[in-house]
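As structure tokens, the structure follows; a few thoughts come after it.
Letters go in sequence order (proteins before strands), and every chain restarts at 1. Note that the structure is predicted; figures quoted are calculated from it, not measured.
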Amino acid sequence: MSKHHVTTTVNGDAVEFLADPRETLLDCLRDHVGLTGTKEGCGTGDCGACSVELDGTLVCSCLVLGVEANGKTVNTIEGMASGDALHPLQRKFIEHAALQCGFCTPGILVAAKALLDKNPDPTEEEVRYWLAGNLCRCTGYDKIIRAVMDAAAELREAA
Amino acid sequence: MNYHLATSFEEAARIAANAGGTTRFLAGGTDVLVQMRAGMVLPDDLIDLKAIPGTDAMTQLADGSWQIGVAVPGARLGANADLCRDWPGVVEGMELVGSTQVQGRATLTGNLCNGSPAADSVPGLVAAGATVVITGPEGSRELPVEEVPTGPGKTALNKGELISEIRLPARGDNAGDAYLRFTPRTEMDIAVVGCAVSLRLDGDKIVEARVSLGAVAPTVLLVAEAADAIIGTTLDDAALDALAAAASKAAKPISDKRGSAEYRIEIAGVLAKRAAKIAYGRAKGDNK
Amino acid sequence: MAQVDVHLWAGLRRLTEGAEVVTVEAATIGEMLDALVQAHPGLKPILDAGISVALNGEIYNGARHRAIAEGDEIYLMQRMKGG
Amino acid sequence: MAKDGLNTEFRLVGTRPNRPDGLDKVTGRARYGADFSLPGMLHGAVLRSPHAHAKILKIDTSKAEALDGVKAVVTRADFPEGLEGEDWNLQENTMAGDKVLYDGHAVAAVAATSKLLAEEAVRLIEVEYEVLPHVIDVDDAIKPDAPVIREGASDASVPEGMPPNVVRYMEFGRGDLEAGFAAADLVRENTYKTEATHQGYIEPHACVGQMGSDAKGEMWVCTQGQWFIRKMCCAVLGLEASQLRVTPSEIGGGFGGKTTIFMEPLSLALSRKANGRPVKIVMSRSEVLRATGPTASGSMDVKIGMKKDGTLTAARAEFRMQGGAFPGAPVDMALYCGFAPYKLDAVEHVGYDVLANRPKCAAYRAPGSPMGAFAVESLIDEMCRELGLDPVEVRMKNAVREGDQSSYGPKFGSIGLVEVLEAVKGHSNLAEPLGPNQGRGVASGYWFNHNGETSVSMSIAADGTVQVSVGTPDIGGSRASLSLMVAEHLGIPYEDVRVNVVETGSLGENEPTHGSRATFASGKAAILSTDQAIKEMCRRAANEWGIDPEAVEWADGAAQPAGPNAGKFPPMSIKEIAGKMGETGGPISGHHESLPEGVGASFGAHVVDVEVDPETGLTKILRYLVVQDAGRAIHPSYVEGQYQGGAVQGIGWALNEEYIYGEDGRLQNPIFLDYRIPVASDLPMIDTVIVEVPNPGHPYGVRGVGETGITPPLPAIASAIHQATGARLRHLPMTPQKVRAAMKAQDS
């Protein structure tokens with residue numbers, strides 16, 4: 001049961017780790033790379049708390065093996081802000097009180113960013129369906145949807 | 001567990017054929033990893049197919065037919081405007097599999113090989129008349145999609161065999177397809193019933209049709225009687241009622257946590273009508 | 001020392017010879033509970049298992065020290081818990 | 001609206017600043033339960049029963065112990081014997097003894113050098129079971145011939161001759177019930193059932209426990225209450241409380257489910273056996289659903305008498321609830337809350353707490369209240385329809401007001417039900433026209449709110465900023481509301497206050513963040529702590545000025561001469577005083593601990609519009625309105641957040657969430673795919689109206705807002721579906737299949 005040497009780029013940094021082939025990318029990010037911002041809520045792809053971008057595609061990192069990340073780029077919540085400057089989504093989430101416990105927040109932010117990168121002007125319904133795989137038990141989603149819509153509007157103005 | 005990164009289907013087949021214990025192929029991984037996590041399946045050998053050339057390709061051939069690689073995730077089907085125009089029912093079936101995140105990984109082939117009677121992408125493929133190319137130690141063969149699953153979690157693939165490509169026929173003119181499923185939630189759910197309809201018109205009249213039902217039998221069904229109920233009609237109310245009756249009659253579901261047999265039989269008819277209307281509208285050129 | 005009427009719940013009547021309101025002399029919640037047990041020993045296991053006391057509408061878990069006065073409204077309640 | 005005469009002009013209270021923990025939470029820096037790691041740490045895994053009810057004949061751990069990398073294995077044999085009462089219940093639930101009592105009950109645990117190894121070792125443990133008959137449903141469990149789950153579990157409240165699984169019995173009420181029903185124009189009686197649901201927090205339980213052979217230990221854990229964790233772990237393991245230091249992590253949701261222990265003692269037991277190496281245990285989602293939470297399920301008879309004008313004349317409720325294999329179903333709270341919104345002269349309540357082969361129920365947001373409301377509010381609505389009465393008017397006509405005797409006994413203090421119903425009547429959602437297959441439902445809800453042991457410290461830093469140490473973990477934004485109140489009280493900027501949730505070594509005992517108490521109780525204690533510091537700062541200023549301390553008052557963030565007779569001195573700011581506190585007498589701080597009094601109950605009312613697909617029975621929520629009395633909203637955004645979150649949990653309970661058991665007594669839906677909590681695309685925006693009838697028992701009028709909101713959705717949605725379809729559903733959840741079946745039954 002040998003471990004595999006995995007070389008990836010995480011949030012722009014070259015990263016290497018040894019992965020048991022049974023470990024998920026989520027396990028590897030949290031336990032080997034030390035990035036614990038990505039959360040495990042279910043381990044079965046049903047809650048979205050572990051959302052990351054893998055080579056630019058939004059995925060559940062609990063449904064990707066660590067070894068599959070070899071040679072790929074991974075973006076996590078820790079790479080979302082540039083330096084001191086929060087991404088508008090991050091800022092709007094704080095301003096709109098779009099989080100309570102905050103556990104689902106990293107996954108929702110990563111997923112929402114993937115949406116706005118693809119569709120800068122989503123309708124409320126499009127936001128709701130895009131984020132349907134991100135469970136939140138605290139907020140009832142209302143303020144989350146408002147924060148995403150508001151961030152989208154701000155990004156459009158800036159563009 | 002041994003992790004293998006195969007570089008050809010032949011190599012993958014060889015590894016699988018020679019493996020002694022539990023073997024799984026890995027493309028999108030959205031079923032295999034869940035099973036591993038739950039301890040339901042603990043593979044001794046896991047064979048990753050994504051390094052095989054062509055597995056991420058999606059090609060329309062000169063005759064209008066499509067070849068879809070085994071590692072093409074759902075999100076890429078939806079992003080292909082030509083495929084969405086030709087086979088919207090196939091695409092919408094695949095897009096109902098899991099969340100946006102799951103769409104980044106899950107594949108048609110994986111959804112098919114998981115062998116679930118409730119697999120959302122399969123009725124659309126069956127209604128479309130799709131086939132699969134199977135590579136194995138003995139060479140290759142082609143099989144209609146409806147013949148791949150043989151029971152819950154079971155497929156017609158022999159030891160060492162794996163699907164190497166999905167083929168969708170040319171769409172042709174005046175045709176449309178649609179897939180609908182019923183779930184208690186709007187998303188993130190397993191079909192209580194699924195239904196796909198593909199049809200072709202001559203003027204207002206249906207001249208060809210295939211109707212497929214999911215989650216109402218041990219495998220996804222191709223229901224000839226349901227197709228017969230609408231062929232030769234303009235999908236008037238009588239035809240729709242006959243379609244619903246045929247779909248309900250063909251449904252032989254079990255009662256389980258997701259729905260009773262009685263309810264599934266009823267919903268099979270409801271969905272067949274609704275899916276047929278959408279497919280008919282698409283064949284008429286509705287932009288939906 | 002105040003004389004107070006303690007409202008029990010009806011299910012306890014079989015432990016209090018049918019009384020649903022028991023009058024006791026007590027200066028604190030703790031004394032009140034002790035006086036109840038003295039008057040009706042059958043109540044002891046119920047009180048030991050944990051109850052709440054509504055004193056003038058305020059619900060207490062424990063709080064044996066809390067002073068009570070003549071005329072206070074006192075109800076014994078099932079142990080309060082929240083989510 | 002200042003009916004209590006409280007000051008309503010605030011500088012900060014009622015504003016919406018950014019929450020202090022916001023930045024950490026949007027950048028992934030916030031540390032939750034599973035985010036802690038320590039040097040030398042091992043990983044734990046738990047073996048769980050596949051049976052609903054079975055005798056454990058033999059546990060063979062030898063193969064697991066022989067596996068390279070396995071450092072400890074524990075079973076019940078490693079726990080002390082002789083516990084009683086709830087301590088025994090907790091221990092038994094932590095690790096099965098002679099019998100397993102539910103699918104998912106822990107049987108053994110392993111610590112190994114990696115999670116994968118620990119899981120492998122768990123699979124190597126061999127357990128011999130003798131499977132026993134089991135019982136799941138509450139109405140089956142209460143039968144006289146039901147499988148007996150535990151002999152001798154009944155307490156003294158249960159009269160002789162009751163069925164064996166009845167462990168608590170209660171009966172209370174007042175007035176002449178017979179005369180009340182005789183005076184009614186309409187008397188109706190129906191039975192309602194609710195299924196068990198899970199709190200569904202997204203963060204699975206996680207902890208790191210460390211304990212050496214000296215029985216001194218530490219724990220990092222996601223919990224609503226670090227002192228509860230300490231007390232319960234120590235009870236279960238036979239430890240001294242002060243030797244265990246418990247540090248709460250950020251908490252990824254709790255809703256009552258993290259007020260107790262599950263696998264936490266296992267990490268300590270494993271660590272002690274592994275020579276003190278720390279042991280991390282993180283539950284999987286299926287472990288969370290199989291072995292933690294859930295709430296109780298209920299079967300409830302309600303009988304109500306109503307006059308033609310809507311006046312209630314009498315009411316009776318008989319509720320049966322199972323809360324798993326241990327006593328503690330919140331049948332009492334359900335009974336207390338059920339009729340609470342109504343003024344009643346004749347009322348009777350009867351309750352049975354029943355054992356069944358399910359996990360030990362934990363508190364869930366307003367424990368019991370949603371079930372009680374489902375039964376009572378549904379029947380009220382049915383009777384309104386039968387008599388052609390407006391459901392809001394009927395609620396107004398019978399609404400309890402200050403000074404009224406509550407249905408459960410004590411008189412109400414200041415409450416805001418009438419104000420809530422007025423706000424409902426005036427809301428534009430009620431004027432929205434309804435189309436075909438659409439319906440509207442209204443229901444009220446109640447929660448007492450809670451005080452509880454509270455200890456808070458605060459201190460002034462040398463630069464004049466302020467830190468506050470509280471013992472109530474922040475789940476929904478309480479650090480923001482506490483900061484606002486302390487800053488308001490001191491007259492300083494919000495940003496100058498930092499509220500820390502501290503470990504058990506830093507304060508006296510605190511009850512958890514539960515019962516909607518954090519902003520009320522820690523808030524009140526924080527203000528009283530601050531008063532001590534203010535008094536001391538005034539004294540320092542008085543010393544400096546050479547005047548009597550009584551002649552100094554605190555205003556606008558500074559000590560000031562109180563009135564013209566005190567002398568003429570420029571205000572001395574908090575920064576000035578703090579800057580020289582080293583020379584004027586040392587540190588300045590404040591501390592308060594108490595059982596804070598003055599709890600104010602919170603009423604709410606919801607209005608929901610639905611559309612039902614007549615062919616499939618699928619219910620879509622079109623509009624949703626929450627109106628609730630907050631007392632005062634310290635940070636309105638987080639009050640709205642509580643209302644919205646509570647409502648959506650109630651929507652899930654009403655429509656799709658339930659524990660589904662197979663014939664074999666095993667839970668069939670232990671993953672989020674099949675345990676269907678609402679997703680974003682299921683919902684509309686949730687409209688809110690914050691009614692403010694200040695609670696005179698709190699310096700800023702706070703009542704507590706967390707719980708009431710989960711209560712009204714269950715009956716409100718049932719009533720809306722009734723209007724949309726003509727069919728009344730009396731058994732939750734109202735899945736499409738059940739709605740469709742009810743519609744068909746209606747047709748035939």
Side-chain angles (χ1 to χ4, degrees), chain A residues 1 20 22-23 27 30-31 34-47 49 76-78 80-81 86-87 89-91 93-107 109 124-125 127-146, chain D residues 16 18-19 21-32 34-35 37 114-116 199-204 250-255 282 284-286 475-477 480 624 635 637-638 640-649 651 671-673 677-686 688:
Chain A
M1 209 153 302
D20 182 295
R22 294 169 296 177
E23 288 177 312
D27 296 332
R30 293 179 55 84
D31 299 339
L35 294 175
T36 55
T38 307
K39 304 301 182 195
E40 175 166 323
C42 70
T44 51
D46 298 315
C47 81
T76 72
I77 184 66
E78 286 93 343
M80 195 158 169
L86 292 181
H87 187 279
L89 276 163
Q90 293 173 304
R91 199 155 31 73
F93 265 58
I94 298 175
E95 287 171 15
H96 283 265
L99 55 138
Q100 286 178 31
C101 81
F103 191 79
C104 69
T105 307
L109 286 168
E124 180 190 330
E125 193 181 16
V127 177
R128 286 187 180 276
Y129 273 86
W130 182 273
L131 294 178
N134 289 88
L135 299 182
C136 169
R137 190 62 157 172
C138 293
T139 66
Y141 303 104
D142 182 300
K143 293 180 188 303
I144 291 172
I145 305 299
R146 288 177 202 278
Chain D
R16 302 174 185 243
N18 291 344
R19 61 191 291 160
D21 51 326
L23 181 62
D24 283 352
K25 287 184 173 170
V26 300
T27 52
R29 281 202 296 268
R31 288 186 304 273
Y32 295 83
D35 300 340
S37 291
S114 78
K115 180 102 210 248
L116 287 167
Q199 293 80 350
Y201 31 81
I202 309 300
E203 181 197 27
E250 289 293 337
I251 175 170
F255 316 113
V282 181
S284 70
R285 177 54 51 182
S286 76
I475 316 185
Y624 203 99
H635 191 306
S637 295
Y638 292 104
E640 292 160 3
Q642 290 295 320
Y643 290 3
Q644 291 164 335
V648 169
Q649 289 183 340
I651 290 170
I671 57 172
F672 271 145
L673 186 62
I677 79 171
V679 302
S681 48
D682 291 338
L683 297 162
M685 293 296 185
I686 307 294
T688 56

**Message:** Which heavy atom of A:F103 sits nearest to which heavy atom of D:Y32, and what is that distance?
**Reply:** N-OH, 3.4 Å
**Request:** Could you have a look at A:E95, A:Q100, A:R137, A:E125 and say which one has the most heavy-atom pairs with chain D under 4.5 angstrom?
**Result:** A:R137
**Message:** I need the residue from D:E640, D:H635, D:E250, D:Q644 with the largest number of non-hydrogen atom pairs under 4.5 Å to chain A.
**Reply:** D:Q644
**Message:** Give me the atom names and distance for the closest heavy-atom approach of D:I202 to A:A49.
**Reply:** CG2-CB, 4.5 Å
**Prompt:** Donor-acceptor pair, A:Y141 side chain versus D:P678 backbone, under 3.5 Å?
**Reply:** yes
**Fill in**
Note: vs chain A, highest number of non-hydrogen pairs under 4.5 angstrom among D:S284, D:P684, D:G254 is D:P684
**Asked** Among A:G133, A:A97, A:G37, which residue forms the greatest number of heavy-atom pairs with chain D at distances under 4.5 Å?
**Response** A:A97
**Message:** For a 4.5 angstrom cut-off between non-hydrogen side-chain atoms, does A:W130 reach D:S681?
**Reply:** no
**Prompt:** Is it the side chain or the backbone of D:V679 that comes within 4.5 Å of chain A heavy atoms, both, or neither?
**Reply:** both
**Asked** Going from CG on A:D20 to OG on D:S114, what distance comes out if it is rounded to the nearest 0.5 angstrom?
**Response** 7.5 Å
**Request:** Heavy-atom pairs under 4.5 Å with chain D are the metric here; pick the option from A:L135, A:I145, A:L109 that has the most.
**Result:** A:L135
**Message:** Taking every non-hydrogen pair under 4.5 Å, which of D:A680, D:G477, D:S37 racks up the most with chain A?
**Reply:** D:A680
**Message:** If the condition is side-chain contact (heavy atoms from CB on, under 4.5 Å), which residues does D:T27 pass it with, not counting sequence neighbours?
**Reply:** A:L86, A:Q90, D:L23, D:R29
**Request:** Kindly determine whether D:D35 and A:R30 satisfy side chain to side chain contact (heavy atoms under 4.5 Å, CB included), including the steps that lead there.
**Result:** CA-CA 8 Å; D:D35 300 340; A:R30 293 179 55 84; 2.6 Å; yes
**Message:** Heavy-atom pairs under 4.5 Å with chain A: which of D:P204, D:G253, D:A30 has the most?
**Reply:** D:P204
**Side-chain touch D:R19/A:L99, heavy atoms, less than 4.5 angstrom** = yes
**Complete:** Applying a strict 4.5 Å limit to non-hydrogen atoms, the region of D:Q642 in contact with chain A is both
**Message:** With a 4.5 angstrom heavy-atom cut-off, is it the side chain or the backbone of A:R146 that approaches chain D, or both, or neither?
**Reply:** both
**Item:** Side chain / backbone / both / neither for D:I677 at chain A, heavy atoms under 4.5 Å
**Value:** both
**Request:** Measure the SG-NZ distance between A:C104 and D:K25 for me, rounded to the nearest 0.5 Å.
**Result:** 10.5 Å
**Prompt:** Hey, what do you get for NZ (A:K143) to OH (D:Y638), rounding to the nearest 0.5 Å?
**Reply:** 9.0 Å
**Message:** Under a 3.5 Å distance rule, please check whether D:R285 uses its side chain to pair with a backbone N or O of A:D46 as donor and acceptor.
**Reply:** no
**Asked** Quick one: of D:I686, D:L116, D:D21, D:D682, who has the most non-hydrogen atom pairs under 4.5 Å with chain A?
**Response** D:L116
**Prompt:** Below 4.5 Å, heavy atoms only, C-beta onward: do D:K115 and A:E23 meet side chain to side chain?
**Reply:** no
**Request:** Count the heavy-atom pairs under 4.5 Å between each of D:F255, D:Y201, D:Y643 and chain A, then report the option with the highest count.
**Result:** D:F255
**Prompt:** Which heavy atom in A:C42 sits nearest to a heavy atom in D:F672, and how many Å separate them?
**Reply:** CB-CD1, 3.9 Å
**Prompt:** Within a strict 4.5 Å, meaning less than it, do heavy atoms of the D:L683 and A:R128 side chains meet?
**Reply:** yes
